[in-house]
Protein chains: 2
Amino acid sequence: MANIREIAKKAGVSVTTVSRVLNHHPYVKEEKRERVLKAMKELKYTRNIQAVHLAKGYSNMLGIVLPNIEHSYFSGLVTGMAEKAQARGMHFALFQTGYDPLKEKEALMSLKERRVDGLIFCSNALSDEHILKWQEFGPIIFCHPTQHDTCSTVSIAHDQAFKEGLHHLAACGHERIAIVLARTEGANSESRLQAYQDMMQSLGQSIDEEWIIDGKLSLIDGKQLFAEWQKMRNRPTALFITNDDVSAGFLLEARRRGIKVGESPAILSFQYNQLSEALGISSIHIPLKQMGQEAFDLFDLALKGEKSEKRMLPFRLIERTTTVLKNNR
Amino acid sequence: MANIREIAKKAGVSVTTVSRVLNHHPYVKEEKRERVLKAMKELKYTRNIQAVHLAKGYSNMLGIVLPNIEHSYFSGLVTGMAEKAQARGMHFALFQTGYDPLKEKEALMSLKERRVDGLIFCSNALSDEHILKWQEFGPIIFCHPTQHDTCSTVSIAHDQAFKEGLHHLAACGHERIAIVLARTEGANSESRLQAYQDMMQSLGQSIDEEWIIDGKLSLIDGKQLFAEWQKMRNRPTALFITNDDVSAGFLLEARRRGIKVGESPAILSFQYNQLSEALGISSIHIPLKQMGQEAFDLFDLALKGEKSEKRMLPFRLIERTTTVLKNNR
DNA sequence: GTGAAAGCGCTAACAC
DNA sequence: GTGTTAGCGCTTTCAC
């Protein structure tokens, strides 16, 4: 593979001139530019991007850290980021963590090693503080709210959305409400638990510990959840499920067993993907693609040295068939 | 950020020795090694991976080329590849093409630029010949069968699977069978069309051009497909759908309208993901994750200079509720 | 075992 | 406008 020196020799110019042509520097005589271009074509030259990056001190590469790309929540985010990245001529690497802190650490190491110019974190097994210590090596963006003001974040107002969801269920006449989370130790979980407790208290309803369910992520988990719900001693009349795939699994299993979801059990979901739409599941819509796009924008701004920014995206509760006004007998 | 020279100075050794320590070269006196290690710790040293890659001439990076990560087929493949890549200490970049040949070209350029060491192609808007011309710059693996023997491939026996599917539908008593493809110009489409025509001929059934449907990719497309099916003048009794998401959309829409899928319409699907399983859709199971893993293995072997290899994975037709023996009245 | 020095391929002062 | 040259940070040959 030809390099810049060979091109220079062939075109009878210096390497600087070749470099100038390569980088569209204005001060190159047209005649020389053409000789260089010709030489490049003849030698089928392509610049070695690694050398460029080493010399320039960046990698033009974004790292996206997420638990699992098979989950529609994350693939939705990635799609938004990828669109923007592509438009900006930037590439990206995926770091799948499976919520493993060690894997997150590896992503952080890649930042320090300069494999990537920055990271967008959609996974947070490590604490925010810990992650943000690595900011000295490049921008880090979160897709969840955090109180640390040194980093940019984009998210919806999770606790507000969560409260609104609970209110909706209460307004439908439910008091015995369960919540279903992906992970109780997640970034949003604590404030959600608080909101849940507050709401239940205001309903004058004591919480059965069975009603706080976690570790539910997939369609299969949702199917299983239905079975578990049926077996509960103190069965809730409504489930607030923070993930569309789980909700879909629940609903499909209910239907399969001939049980209608709506009055009881009612389910309210989060995220709003194609599947929950097709199934008519009431859900709180998160604009995932937009969120991904804005996460990239924030990353790009941070690269340019702009100061950090917290962006809050709108959410929307969409009532479908799985939450209806309950006949309180 | 400290570099190797500063470490050398601090430890009172040469850069060579530092490099040896970094690369676990055996010939370093224990005492010096410890001094170096100490200096690295004190200066919080991390090697600049770009410099390493430039010097070594590789990037330790795999490029995965696919149309769209939001599609479960591709995220399934990626999951398999990512597992293996991670275990091998290799990173990967995603190239989403949306079936756009220009985007595929960009991935090929990244190979030539040495941004990635090789590519796994799960998208093929460009012809195989065209893509394989770029092999001089690094290994290229296909996830579809190809007659070119210079590259490694992993896939299931698509046409055989397709034939088996058609036979199954015929055995259920169907003669008026439609096929639903993602794209008629895809890699497998030609042989599928041939198999379809052969089968229909052997059933003594002429093909209505309405029965060859393409451009169906998503759940929404599947819902719409159901509506289209209902409006057909010459309505087929069975649809062979080459994609689980489309099948699921079709089935859900049918159910919503109170129409039972099984005898007519019957649907047979391809891929077998969680959703089609939950819905009880008859489907031809493709071991996606394994396919991804083996694709990576082949890539790794190719990097090591091993000769190319064609791997064929087993498929399995799983009968569920959407194909049943038809009462031919 | 160890170090000097010549790369890897490109960029960007700086001088002309 | 153009060329010389010193980096970017690491690896690796070669001599000792």
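Just the heavy atoms: all of them, side chains too, but no hydrogens, waters or symmetry mates, feed the values below.
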Using modelled atom types and a 3.5 Å cut-off, is there a donor and acceptor pairing between side-chain atoms of Lys84(B) and backbone atoms of Asp300(B)? no

pair Val21(B)-Met40(B): side-chain heavy atoms closer than 4.5 Å: yes

Counting N and O atoms only, with roles assigned by atom type, does the side chain of Gln50(B) sit under 3.5 Å from a partner on the main chain of His53(A), one being a donor and the other an acceptor? yes

Asn60(A) CG - dT11(C) P separation (whole Å): 13 Å

Indicate the ring-plane relationship of Tyr73(A) and His71(A), choosing parallel, tilted or perpendicular according to the 30° and 60° boundaries. perpendicular

With the side chain counted from C-beta on, respond yes when Arg33(A) and Arg20(A) share a heavy-atom pair under 4.5 Å apart, and no when they do not. no

Answer whether the closest heavy-atom distance between the side chains of Val18(A) and Arg5(A) falls below 4.5 Å. no

Within residues 25-37 of chain B, find the residues that approach DNA chain C with a heavy atom at under 4.0 Å, and present them sorted by residue number. Tyr27(B), Val28(B), Lys29(B), Lys32(B)

In short, Gly57(B) meets Arg114(B) closest at the heavy-atom pair O-NH2, 3.3 Å

Rounded to the Å, how far apart are Glu113(B) CD and dG9(C) C1'? 13 Å

Return a single string for nucleotides 9-16 of chain D, one symbol per nucleotide in 5' to 3' order, where B is base contact, S is sugar-phosphate-only contact and - is none, cutoff 4.0 angstrom on heavy atoms. BBBB----

Would you mind reporting whether Phe121(A) and Ile131(A) have side-chain heavy atoms less than 4.5 Å apart? yes

